[in-house]
Number of protein chains: 2
Amino acid sequence: MTARGLIRGLREQIANQLRDDILSGRFEAGARLSETMLADRFGVSRGPIREALVQLTNEGMLVGKPNCGVVVASAAPDSIRELIVPIRRTVETYALRQFFDSITDDDFAAWEELLEQMKKACQKKDYNATVELDVAFHRSLLVRAGQPDLLAIWQTIVARIRMHFRQAHMKMKDPMRIYAEHRAIVDVFRKGDKEAAVRMLEVNIE
Amino acid sequence: MTARGLIRGLREQIANQLRDDILSGRFEAGARLSETMLADRFGVSRGPIREALVQLTNEGMLVGKPNCGVVVASAAPDSIRELIVPIRRTVETYALRQFFDSITDDDFAAWEELLEQMKKACQKKDYNATVELDVAFHRSLLVRAGQPDLLAIWQTIVARIRMHFRQAHMKMKDPMRIYAEHRAIVDVFRKGDKEAAVRMLEVNIE
DNA sequence: GACGTGTGAATTGTTGACAATCGTAGGTGG
DNA sequence: CCACCTACGATTGTCAACAATTCACACGTC
């Protein structure tokens, strides 16, 4: 437990916070992130900072240069959506088909929990939270499919377009629609209609 | 310069060597990789080893567990190909279209250099090298397109199926065919026929 | 004024040491 | 014989210090 409330296993915690900061615009694209500054800021040594920076560099959130540290990657251009949407549809519907026939009550309980949190985040217009919950919902499908390859691919994709999630959420006239769409997906899952579920998932991905 | 010939900036070099070892089967799936052992083996401290392991974990080559180190990930199932081939085609042809009209002499020089190395590797039946050169060729297209998003996505995909590249290469009756196919792609680039180039690239991706 | 060179501060990259955690082996009790 | 507990060695996670590199600024020369 550090002075900043972080516990052992710092890398992931630091990476998560930095990712949040980048997505929230607290670090601009092109901004240089200094290990020394971050170590001061998190109240830890540079070792775990470096590891977190490696992770975020691999996610594409940062761009590294030997001996010169890392800068915040520029936002993915909008044109990338035309590419990523079909890829996401391919990957996520594939995952859904893998496990649809073995959905359990535990699965539904987990989704209901996510939906409850999503509803609250929508009510509060907390867009960082709605993004993370939207991502978490879709991630749960990949995790449930139980294929690490798919999950790795999907995570890379989503890391690159998180900013787009956020922009899309903020543009919605009624943020409750985020919740409603995912509510509807889970409801179709309950009906056991796989093809309807696949179609609804595809509609959600855009 | 370490005793093992490594120079400063160890992470990438170590990651590259470990990746090669994993792909060559020198570490079995499920095998635990100990930082201490690797540090001894490479003749360096554990710091850069840890960073390399973070990188390879993000690539999906390794699976980490807090406080317990990392194990070698199991090979991607063959069924993943049916998913990855279309994704690769989507990504790589998109990239090719982005830069095709601005191909330079420097581009051709780089590809000729790759092809020369590929030819030699084929003659020597050095399948690790043919895989890396095949990957390098395709990677060059992504790099040339100048979109970090695409490159990150592509790298994640390819990291997961490198073993498949290797198996495919080893199955070829004549390894020179690897060279010949890529030779033909570059030749079509020289003719400036974009659509033919896209089609030939798609045929190569399988 | 423009260009080149040198210097020093800040930072990155690596190392070795210390703290914390885990897994295994052995001992004890029921 | 089995279950539980404890101890210890090996390893992971983190820290602070040292070495190497980069960049910005100041100064000198043309």
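Please read these numbers as outputs of a predicted model, since none were measured by experiment. In the text below, chain A, chain B and the rest are named by the order of the sequence lines, each starting its count at 1.
- Here G69(B) lies in heavy-atom contact (under 4.0 Å) with sugar-phosphate atoms only.
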Please lay out, stage by stage, how E113(A) and Q117(A) fare under the test side chain to side chain donor-acceptor pair (under 3.5 Å). CA-CA 6 Å; E113(A) 174 65 33; Q117(A) 292 175 49; 3.1 Å; yes

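- L33(B) comes within 4.0 angstrom of sugar-phosphate atoms only, judged by non-hydrogen atoms across all strands, and of no base.
- Checking side-chain atoms of D20(A) against main-chain N and O of N16(A) turns up no donor-acceptor pair under 3.5 Å.
- Note on R183(A) versus E116(A): no salt bridge recorded, every NZ/NE/NH1/NH2 to OD/OE distance being 4.0 Å or above.
- Scanning for side chain to side chain donor-acceptor pair (under 3.5 Å) contacts around E181(A) gives R177(A), N204(A), with sequence neighbours left out.
- Looking at residues two or more places apart in sequence or on another chain, you find a salt bridge (charged side-chain N to carboxylate O under 4.0 Å, His left out) between E59(A) and R19(A).
- Reading DNA chain D from its 5' end, the first and the last nucleotide to sit under 4.0 Å from a heavy atom of chain A are dT12(D) to dC23(D).
- Running 5' to 3' along DNA chain C, contacts with non-hydrogen atoms of chain A at under 4.0 Å begin and end at dT11(C) to dT21(C).
- In this structure R166(B) satisfies the salt bridge (charged side-chain N to carboxylate O under 4.0 Å, His left out) test with no other residue, sequence neighbours excluded.
- Between F42(B) and P48(B) there is no side-chain heavy-atom pair separated by less than 4.5 Å.
- A salt bridge (Lys or Arg N to Asp or Glu O under 4.0 Å) check over residues 95-104 of chain A, counting only residues at least two apart or in different chains, returns the pairs R97(A)-E195(A), D101(A)-K194(A).
- With DNA chain D read from its 5' end, the first of the two nearest nucleotides for G9(A) and R46(A) is the one closest to G9(A).
- Note on T36(B): a base of the nucleic acid sits closer than 4.0 angstrom, heavy atoms only.
- DNA chain C is contacted by both G47(B) and R32(B); G47(B) maps to the nucleotide lying nearer its 5′ end (nearest heavy atom per residue).
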